[in-house]
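Reckoned from all heavy atoms, side chains included, excluding hydrogens, waters and symmetry mates.
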Amino acid sequence: MRDVGSDKDEDEMTDKHMTTVSQHYFVDESDKSSFSIAIIENMKEEYGLFVWPCSVILAEYVWQQRYRFSGANVVELGAGTSLPGLVAAKVGSNVTLTDDSNRIEVLKNMRRVCEINKLNCRVTGLTWGFWDASIFDLNPNIILGADVFYDASAFDDLFATITYLLQSSPGSVFITTYHNRSGHHLIEFLMVKWGLKCVKLVDGFSFLPHYKARELTGNIQLAEIVLNHESPEETSTSTVR
């Protein structure tokens with residue numbers, strides 16, 4: 001009979017071997033400013049504890065737009081390893097990092113990365129499409145979401161959450177990076193359905209430093225999305241390409 005304690009020890013050893021700490025650097029040669037963010041990654045965890053290309057691109061965008069983020073209230077949805085949100089905190093944003101309330105290990109890891117980077121971010125569970133206390137007290141100026149458009153079955157709940165947050169904070173914006181997959185037509189449809197419009201759309205690699213771009217692959221776009229106050233006829237022309 002196999003010893004239960006032995007199984008536990010082996011599981012802990014496996015977790016240690018699967019866990020790494022990656023360093024992500026942000027540099028501006030023009031004013032000699034720079035810093036790095038340490039991220040705890042675990043390849044055993046499905047999706048949530050790995051820094052995907054969309055996160056790297058969105059984090060770089062936050063860095064390059066840092067004066068816009070300074071002093072802003074920022075909420076990151078589906079944060080996972082939280083790289084974009086941590087960069088926002090580093091440049092002076094008041095940051096709330098969120099992920100699915102049921103993903104306890106992911107939320108625990110988010111708190112750990114805040115600690116090792118000495119950043120005071122709020123970490124809370126927020127499940128898209130569910131209305132509870134975790135969402136009612138969020139009043140973001142900027143909402144971040146890196147690669148949140150990966151599961152088409154969750155798109156409607158995600159857009160419901162985004163729309164609520166935008167409506168609760170007039171003038172706010174949702175900034176997202178996503179792979180231009182086959183589901184982009186559904187994204188267009190749901191933007192119209194929820195009364196949103198895209199006001200900026202750029203190639204994610206167009207502003208990425210060469211040394212970062214050569215490490216990444218994919219057709220990744222960055223979009224800024226806001227509430228649409230135009231008529232339905234005008235709305236239909238504001239789509240993601």
Side-chain angles (χ1 to χ4, degrees), residues 47 52-62 64-65 68-69 72-80 83-85 88 93 96-100 126-132 134-136 138-208 218-241:
Y47 300 123
W52 296 100
C54 284
S55 291
V56 175
I57 291 173
L58 185 55
E60 180 65 28
Y61 187 74
V62 173
Q64 294 186 18
Q65 299 268 320
R68 175 185 182 187
F69 279 79
N73 293 325
V74 173
V75 170
E76 183 174 1
L77 299 177
L83 182 59
S93 299
T96 300
L97 303 171
T98 74
D99 211 302
D100 192 308
L126 192 160
T127 303
W128 303 336
F130 283 78
W131 312 109
D132 55 27
S134 63
I135 195 171
F136 294 139
L138 297 177
N139 294 287
N141 307 117
I142 302 172
I143 307 158
L144 299 174
D147 206 10
V148 290
F149 295 111
Y150 61 87
D151 180 3
S153 66
F155 284 4
D156 216 29
D157 286 337
L158 173 59
F159 271 106
T161 301
I162 294 166
T163 303
Y164 173 82
L165 291 173
L166 291 174
Q167 289 175 339
S168 68
S169 300
S172 56
V173 59
F174 172 54
I175 306 176
T176 182
T177 46
Y178 63 96
H179 285 274
N180 194 12
R181 304 181 178 100
S182 58
H184 74 277
H185 292 298
L186 178 57
I187 297 173
E188 293 177 7
F189 169 78
L190 290 172
M191 282 178 57
V192 174
K193 172 184 174 180
W194 288 99
L196 306 176
K197 66 177 179 180
C198 179
V199 293
K200 183 175 184 178
L201 184 66
V202 297
D203 181 345
F205 288 87
S206 65
F207 55 84
L208 204 63
N219 178 8
I220 298 173
Q221 294 182 308
L222 179 141
E224 295 198 14
I225 296 170
V226 299
L227 290 175
N228 189 1
H229 300 294
E230 300 170 351
S231 66
E233 291 77 12
E234 293 170 315
T235 302
S236 63
T237 64
S238 299
T239 56
V240 176
R241 301 298 180 196

For [X], what residues pass the side-chain hydrogen bond (donor to acceptor under 3.5 Å, both in side chains) criterion, not counting sequence neighbours?
X	answer
Ser172	none
Asn141	none
Ser168	none

Q) Is the side chain of Asn139 donor-acceptor paired with the backbone N or O of Ser169 at a distance under 3.5 Å, no angle test? A)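 No, Asn139 side chain to Ser169 backbone: no donor-acceptor pair under 3.5 Å.
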
Q) Do the side chain of Ser93 and the main chain of Ala88 share a donor and acceptor less than 3.5 angstrom apart? A)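 Confirmed, Ser93 side chain pairs with Ala88 backbone.
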
Using every non-hydrogen atom in the two residues, find where [X] and [Y] come nearest and quote the distance to one decimal.
X	Y	result
Gly204	Leu208	O-CB, 4.0 Å
Asp99	Gly80	OD2-N, 2.8 Å
Phe155	Tyr150	CE1-N, 3.8 Å
Ala223	Leu201	CB-CD1, 3.9 Å
Cys54	His179	SG-CD2, 3.7 Å
Asp203	Ile220	OD1-O, 3.5 Å

Nearest 0.5 Å, what's the [atom1]-[atom2] distance between [X] and [Y]?
X	Y	atom1	atom2	answer
Thr177	Glu60	OG1	CD	12.0 Å
Thr161	Trp131	OG1	CH2	4.5 Å
Asn228	Cys198	CG	SG	11.0 Å
Leu158	Phe149	CG	CZ	5.0 Å
Asp100	Leu77	CG	CG	11.5 Å

**Q.** Contacts of type ring-ring contact (aromatic ring centres under 6.0 Å, His included), residue Phe130, not counting sequence neighbours
**A.**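 Counting only residues at least two positions away or on another chain, Phe130 forms no ring-ring contact (aromatic ring centres under 6.0 Å, His included).
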
Q: Check ring-ring contact (aromatic ring centres under 6.0 Å, His included) between Tyr61 and all other residues, then give those that pass, not counting sequence neighbours.
A: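 Partners of Tyr61 by the ring-ring contact (aromatic ring centres under 6.0 Å, His included) criterion, ordered by chain and then number, come out as Phe207.
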
**Q.** Ile225, Thr98, Thr176, Leu166 screened by side-chain contact (heavy atoms from CB on, under 4.5 Å) with Ile143, the one that passes
**A.**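 Testing Ile143 for a side-chain contact (heavy atoms from CB on, under 4.5 Å) against Ile225, Thr98, Thr176, Leu166 leaves exactly one candidate, Leu166.
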
Contacts of type side chain to side chain contact (heavy atoms under 4.5 Å, CB included), residue [X], not counting sequence neighbours:
X	answer
Val226	Val173, Lys197, Val199
Ser55	Val51, Pro84, Ala146
Ser153	Asp151
Thr163	Gln167, Trp194, Leu196, Leu227

Q.
Run the salt bridge (Lys or Arg N to Asp or Glu O under 4.0 Å) test against Asp147 and tell me which residues pass, sequence neighbours left out.
A.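 For Asp147, the residues satisfying salt bridge (Lys or Arg N to Asp or Glu O under 4.0 Å) (neighbours in sequence not counted) are Arg181.
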
Q: For Lys193, enumerate each residue passing the salt bridge (Lys or Arg N to Asp or Glu O under 4.0 Å) test, keeping only those at least two apart in sequence or located in another chain.
A: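 Asp156.
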
Q: Step by step, work out the side-chain contact (heavy atoms from CB on, under 4.5 Å) result for Leu138 and Leu126.
A: CA-CA 11 Å; Leu138 297 177; Leu126 192 160; 3.5 Å; yes

Q) Do the non-hydrogen side-chain atoms of Phe174 and Leu165 ever get within less than 4.5 Å of each other? A)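 Sidechains of Leu165 and Phe174: no contact.
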
**Q.** Worked verdict on Leu144 versus Phe69 for side-chain contact (heavy atoms from CB on, under 4.5 Å)
**A.** CA-CA 11 Å; Leu144 299 174; Phe69 279 79; 4.1 Å; yes

Q) According to the salt bridge (Lys or Arg N to Asp or Glu O under 4.0 Å) rule, which pairs have a member within residues 157-170, sequence neighbours left out? A)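 Not a single pair qualifies under salt bridge (Lys or Arg N to Asp or Glu O under 4.0 Å).
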
